[in-house]
Amino acid sequence: MFHVMFQNVFKCIFSMKRRSDGTVVALTPGRQRLSDEFFNRPCLQVAVDLLGKTLVRKLEDGSLLRCKIVETECYLGVTDKACHTFGGRRTEKNAPMYMKPGTSYVYFTYGMYHCFNISSQEEGSAVLLRAAEPLEGEDTMQLHRQASQRSAKEKSYKTHELCNGPSKLCMALAIDRFTCNAKDLTLWPEMWFEEAPKPEESVVTSTRVGIDSVEKEWRLKPLRFYLLGNKSVSKRDKLQEGAITS
DNA sequence: AGACTGATAATCT
DNA sequence: GATTATCAGTCTG
């Protein structure tokens, strides 16, 4: 009785997490890590509810990068024609999309870039993280972005330019398929999501980006979500924003 | 602000 | 051999 009470208080204050092997992972004090219950829900709910939450990345030197998620997209799984798992397709690359809700799916695209997703409840489904607002470790994010530049001149980015796109977010947070793919983000010590106050901004619903070759029915589905007015959003939809009243 | 284009290589067919 | 859930630069108005 008292043991359980103590354990719960302790867990709340220090956000302790017990792994399957019995060891305990200590996180930043006072912040609640998003767990299985959060990710084991329909893709749509996970995508919308991730807006405003904090993404935390722990680097090799122990330092933390933090950002507020401001834009997400749903990939609904085997029924979704724009999804890598459409029709039940299974390859070595898309395997993490079939794994436990809360598993990272980081893949390489356009010969240069990465995209970062997290699996959700439906078979083969995942939420693509498209944009975030830097909260902590901005200088390091700047260095990461500059290190990924191919032009000779060193350009510096404004705060809202550091993570305003799916591959920019990966560069800024040092997320790649070699180090971050197929990880259980409810337990992995090097990256996780944290609870945060409900965002001030309204949620805008729009169409997904970069899926031009998909047939219209699926290309035009309202499966992208972002926070109205936030400077770190990658692509705004004036038409949809005009329909928002609050 | 929006349209267009080149870069670049893993992955799949 | 074709495709790609992108980015950064350039051009146009």
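Atoms considered below: every heavy atom in the structure, side chains included; atoms not considered: hydrogens, waters and symmetry mates. Note that the structure is a prediction, hence the values are computed from the model and not measured. Lettering follows sequence order; numbering is per chain, from 1.
- Relative to the side chain of A:Met171, the nucleotides C:dC7, C:dG9, C:dA5 differ in distance, and C:dC7 lies closest.
- Looking only at side-chain heavy atoms (C-beta outward), A:Leu50 and A:Ile118 come within less than 4.5 Å of each other.
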_Watson-Crick and G-U pairing of DNA chain B, under 3.5 Å, as dot-bracket with | and [ ]_ = |||||||.||||.
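- The interatomic distance linking A:Leu76 (CG) with C:dA5 (C1') rounds to 13 Å, in whole Å.
- Residues A:Pro42 and A:Glu122 meet the side-chain proximity criterion, which asks for heavy atoms closer than 4.5 Å.
- Checked against C:dC7, C:dG9, C:dT6, the side chain of A:Val209 finds its nearest nucleotide in C:dT6.
- Residue-nucleotide stacking is not present for A:Tyr113 and C:dT6, judged by a side-chain ring centre under 5.5 Å from the six-membered base ring centre and planes under 30° apart.
- Within the 4.0 angstrom heavy-atom criterion, only backbone atoms of the sugar-phosphate kind lie near A:Arg177; the bases stay farther away.
- Extent of DNA chain B lying under 4.0 Å from chain A heavy atoms, first and last nucleotide in 5' to 3' order, is B:dG2 to B:dT13.
- Side-chain atoms of A:Tyr226 come within 3.5 Å of backbone N or O of A:Asp237 as a donor-acceptor pair.
- Checking A:Glu73 against A:Tyr157, the closest nucleotide of DNA chain C that is more toward the 5' end is the one next to A:Glu73.
- Distances shorter than 4.0 Å separate some side-chain N or O of A:Arg145 from OP1 or OP2 on C:dA8.
- There is no side-chain donor-acceptor pair under 3.5 Å between A:Gln142 and A:Ser156.
- One atom, CZ of A:Phe108, and another, P of C:dT6, lie 14 Å apart when rounded to the nearest Å.
- Ring-centre distance between A:Phe38 and A:Phe193: not below the 6.0 Å cut-off.
- Partners of A:Glu215 by salt bridge (charged side-chain N to carboxylate O under 4.0 Å, His left out), not counting sequence neighbours, listed by chain and number: A:Lys81.
- At the phosphate of C:dT6, neither OP1 nor OP2 sits under 4.0 Å from any side-chain N or O atom of A:His114.
- Per the geometry, CG belonging to A:Asn117 stands 16 Å off P belonging to C:dT4, to the nearest Å.
- Comparing C:dC7, C:dT6, C:dG9 by their closest approach to the side chain of A:Lys168 singles out C:dC7.
- Rounding to whole angstrom units, CG of residue A:Leu162 and P of C:dA8 are separated by 11 Å.
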